[in-house]
Amino acid sequence: MTSDIDETHAAGRETWVARARGHADFPIQNLPFGVFSTAGGEPKGGVRIGDQIVDLGALCAGGPVESDALVAGRAASGPDLNSLLALGAGPRRALRRRLSELLSDPRHQTAVESALVDIAQCRLHLPASIGDYTDFYVGIHHATNIGRLLRPDNPLLPNYKRVPIGYHGRASSVGVSGEPVRRPSGQTKAPDAEAPTVGPSRRLDYELELGVWIGPGNDLGQPVAIADAGAQVAGLCLLNDWSARDVQAWEYQPLGPFLAKNFLTSVSPWIVTAEALAPFRISQAARPEGDPKPLPYLWDDDDQAWGAYALTLEVAISSARMRDQGLAPHRLSQVAASNMYWTLAQLVAHHTSGGCNLRPGDLLGTGTISAPTDDGLGSLMEITRNGQAPVTLPTGETRGFLEDGDEVIFSGKAQAEGFVPIGFGECRGVVVAGR
Ligand code: CA
């Protein structure tokens, strides 16, 4: 894995782009891909640096990008990044190295500056056209906490440590950060009620997850071996799997989540690439004594040595009243992404093991990530013990679940000694009343 570290990660590398030096999320060591548009223009691919976006189409037309990097740049200049994702890591890395060179060497400033667009003039879009979205359940502390609410004596079901649990989600309702969260209506039934009623969800929640953008994909009937599965992970984002807990409780048996989850899933707009994340790879936490070793198709020594990430994820909330009073968002939790029981490569290997094909631009959710401690829980259902122990906001307001006007803000950061930290930006959503 150390061979994936190159000059683009050097802590000493600086950019000539104004205000990008020391940027908390998007220094020159990050260079994530996304899709943006300016007033009256069509969506197109770009790379974020500081508070600017490199318009890849404009840059490539100008001539300073060649060979493999040009192939990647052209593939990324359209209205979605699927063609770029299909190319795999080689061209993507070539483009990253060339961009890093162009944006750090002042001799290129004149040639590149005209391809820079200020983020304040841009609208951000979904980075890919998502064919399929799958949500997993790898946050073992989340699975245990939720299981305990449902089955106090037996929180984890017997399959949990043997098979990465997941379900096929809904791609049509994945939206980019900023999309309003319209409170869904649904069927709910109180435990003591005889019959269900239909109406706005009263238990609207968020779920803190990582999103995984799939690269080249695989052919139908051709599983991806665990040793090759990491190459399918093109990059990561933040993902909020908005959830209507009251709807979920009534509908989920026996086939799992349905309308409780499909009204909206939000992702952060930037694909933080596998290349950018290379310095932040860490070993997968050893399984606790007595846990079963996964079956061979899910086990790879290299993946165990490098398959996890040194990421810290945060959730903050801001109520309408807090914003009216000029108060900063209130942090609800901070959690390390290392609290995942399965690696991303294991998810890919398992997803394809029966022959299912993944395609470029497919999206995987990891499942809610919670820490084993109370200050690192990835959903309100866990924090408030299903609404029984509400949190108090700085205004004195309390929350068991989300109210209209509440904004939920996810952020994430990668940190490792000797390297410049990089971030994911934000994944935001404001809850609005249902129709
Ligand atoms: Ca979820």
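Model, not experiment: these values are computed from the prediction. Both counts, for ligands and for their atoms, begin at 1 and track the order of listing.
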Heavy-atom donor-acceptor pair, R281 side chain to W306 backbone, under 3.5 Å: yes
Mind listing the side-chain donor-acceptor pairs of residues 42-54 below 3.5 Å, one per line with the distance, residues two or more places apart or on another chain?
residue, atom, partner, partner atom, Å
K44, NZ, D55, OD2, 2.8
R48, NE, G50, O, 2.7
R48, NH2, G50, O, 3.4
R48, NH2, D51, OD1, 3.2
D51, OD1, H23, NE2, 3.1
Q52, NE2, D118, OD2, 3.4

Residues forming a ring-ring contact (aromatic ring centres under 6.0 Å, His included) with F419, sequence neighbours excluded: none
Cut-off under 3.0 Å, centre the Ca ion (ligand 1), protein N/O/S atoms: D135 OD2, E207 OE1, E209 OE2, D241 OD2
More than 12 heavy atoms from other groups under 6.0 Å of CZ on R399: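 Enclosed.
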Pairs flagged by side chain to side chain donor-acceptor pair (under 3.5 Å) wherever residues 253-269 is involved - sequence neighbours left out: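 As it turns out, the side chain to side chain donor-acceptor pair (under 3.5 Å) pairs with a partner in residues 253-269, which skip direct neighbours, are E207-K261, D241-K261, W242-S266, S243-K261.
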Distance flag, aromatic centroids of H350 and F136, threshold under 6.0 Å: no
